[in-house]
Structure formats: structure tokens, C-alpha cells
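Here is the structure we will look at, set down as C-alpha cells.
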Amino acid sequence: MKKNLTSTESHSPDLVFAKSSLGESLMQQLKEGSSSYKRIADYLLRNQVKVTALGIEDMAEQCEVSTATISRFARDLGFTNYAALKNKIAETVQEIFSPVEKLRNTIEARKSNSSPANASLQSATANINAASQGIEDEQMNQIITRLSKAGTVYIMGFGISSHLAGMLALHLQPYCNRVTEVVTYGGTEVAAGNLANITDKDVLIVISFPRYALDVIRLTQFARNHSTCIVAITDSSASPIAQLGDYLLLAPSTHAVLASSSTAATAVIEALVSSIMVSNKKNVEKAIRLTEALSGYLHNNDNTTRTSQLESRKPKK
């Protein structure tokens, strides 16, 4: 069963909005509405603050639908017109997003006087700060428990997300029974083969950010059909992967230039790995043994000194 998160389970503003009464109506349209309704719901869930300043013509342009469709969408949600829907969004935003928007506005003000490099770094900071609000100890502990008991932990990501998946797989290998990186170098065919025997005793961690790959959605649905526990790491509650996850870890990916930023995703992955490493004494011991095993292959002062001593003892030619 999909785990339904409440506002008390996560302080991420995007997730809190999605769990408000209005947000739940939008999520319902995102799942079951027509293609035009899905575009509108997706836009509203991702751009709550921006929408409060958009007229109906601008909103229609952003969603690539007619103004009549926007009006009909608002009425179907129980509002008299688009203006009433927009007012409700503004009320919800005022309750939830004030602290976040204050930070965002401060950063936007700085951007006008910043170089592209500094603006990028400031966006990264904002994304990490937003992600930190969504890390809830209770949910993280539940995820760690599932990972610790899993027969196999599958980790899947396509495109840029494949690099994040590889990093997470490398970190988790010492602490889980078995870790399988699903995509590797073989693309969809190999990924499907790796997931062929997935069961309800396993866990699939799926990582996906804009632009979302269709293959990752289809393969995640395949795992869900086999009752596998799914942990989704993605950018928004409106993400198609968010709808399939039993557990959702949000990592905002907003960036002025790139299609998406991986900074917050990396921070969330490190938070997940840190949590499992210190979750029990055996994992701490594993970390110590791993360090000892690798120490002979890593550069340090002792190794440098030892190498110099060995070199000095070689017979001179």
C-alpha cells in the first residue's frame, strides 16, 4: 500500500501544499483528469506562488490550454471561476510558504547583482534548505528499516539520475544484504532484466528529476505491480514518480539554466546513507572494517613515508 504522508510527517512546503484540501483535489486531477486537466494540475502544484500573480490568459498560455478550459477546471474543483481558485491558492500559500518565499525573494534579489556562477550556488543553497525541511526522522527511520531487511536493494535512475544512482549504490553496498544498480551501461533492456525477479521482499529506490524518463516510470510501475516497497527521490510531489512511491524524499531541483539541479538530490542521498551507517553498531563496525581494508590503497602520510623508506632501500644501479 502507498504510504500517505500527512503534513505532520514532513515539513516540506511543496508536500504540505499537496496534502492540503486544495492540493489533494489537484493531485486527484493529476492522476485521473484529462490530459489538459493534468497539465493544469501539474502547473498549479509546482508553481503555487507564481500562479497568484497570473491572469487567466497567462495561466492558459503556461498550460497550453484555452481560457475556457481553465474556467471549466476551476468550476469542476468547486470554485465559481478562476479568480476564486486563485484566491484559494493565495490563502493556502500564505499559510504555508511565507518563510520559504522570504528566503527565495532574498535569493532572487541577490541574483540580480550576482554572476551566473554565484546565482547557481545560491540556488543550490536554497534547494538544499528546502530539502532539509522535508527530512523527517520518523519517515527516514522507516526507510532505513526497510533497507536493512530487504533481500535486495535495487537502485534505478536514467540520464543524469543514473550517476546519482551509482553513487548511492556504492555507498549502500557495505550496509545492505545485496545492492543492484538497475540501469548500469545497458540501458532499458538491461534495467528490465535486472528487475525481472523483483519481489515484495525487496526495495526499489528510484531517482528521477526533470526531464523525467518514460522508462523509469514504466519500470517503477512494474516493481509496484510486484508489491515491492518503493522509495522515490524526486523534485516535487507532482512528479510522476512521487505517485508511485511508498516513501517520498523530496529534493528540489530548480535552476535558472540547467533543466534540473542535482545538488539537493546529492544532499538527500548523503543524508540517507549517513542514517543507515549509524543505524546500528554492526554498520559502524562495517564502516571501520571497510576503512581498514582500503587504507593500504589510499594516499596518506604514513603510506608516503613508507613508500619513501622502501624506495631508499632499493639497491642503486
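The figures here come from the full heavy-atom set of this structure, side chains too, leaving out hydrogens, waters and symmetry mates.
Between Arg72 and Asp76 no salt bridge is recorded (no basic side-chain N to carboxylate O distance below 4.0 Å). Looking at Arg46 and Asp235, a side-chain N of the basic residue comes within less than 4.0 Å of a carboxylate O on the acidic one, giving a salt bridge. A salt bridge links Asp246 with Arg224; the closest basic N to acidic carboxylate O contact falls under 4.0 Å. In this structure, Asp42 does not pair ionically with Arg39, as no charged nitrogen and carboxylate oxygen lie closer than 4.0 Å.
Cluster annotation: Val273 and Ile135 are assigned to the same hydrophobic cluster (Ile/Leu/Val/Met/Phe/Trp/Tyr, side-chain heavy-atom contacts under 4.5 Å, transitive). Residues Ile241 and Ile160 do not share a hydrophobic cluster, defined by chaining ILVMFWY side chains whose heavy atoms lie under 4.5 Å apart. There is no path of hydrophobic side-chain contacts, each under 4.5 Å, that joins Phe158 to Tyr212. If you chain together hydrophobic residues whose side chains sit under 4.5 Å apart, Ile128 and Ile269 never meet in one group.
Residues satisfying the side-chain contact (heavy atoms from CB on, under 4.5 Å) test with Ala124, not counting sequence neighbours, are Thr263.
Side chain to side chain, Ser253 and Ser260 fail the donor-acceptor criterion of an N or O pair below 3.5 Å. In this structure, a donor-acceptor pair under 3.5 Å is absent between the side chains of Glu24 and Gln28. Defined by atom type and a distance below 3.5 Å, a donor-acceptor pair is present between the side-chain atoms of Thr188 and Asp215.
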Could you go through the side chain to side chain contact (heavy atoms under 4.5 Å, CB included) check for Ile233 and Phe209 one step at a time?
-> CA-CA 8 Å; Ile233 301 178; Phe209 292 89; 4.2 Å; yes

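Enclosure of atom CG in Asp200 by more than 12 non-hydrogen atoms of other residues, nucleotides or ligands within 6.0 angstrom is indicated. Under a cut-off of 6.0 angstrom, the local environment of CD in Gln221 is crowded, with over 12 non-hydrogen atoms contributed by other residues, nucleotides or ligands.
Looking at every heavy atom in both residues, Pro252 comes nearest to Ala130 through CG-CB, 3.7 Å. What you find for Leu204 and Ala223 is that their closest heavy atoms are CD2-CB, 3.7 Å. For the pair Ala165 and Gly157, the tightest heavy-atom approach, listed with the atom from each and the gap, is CB-N, 3.9 Å.
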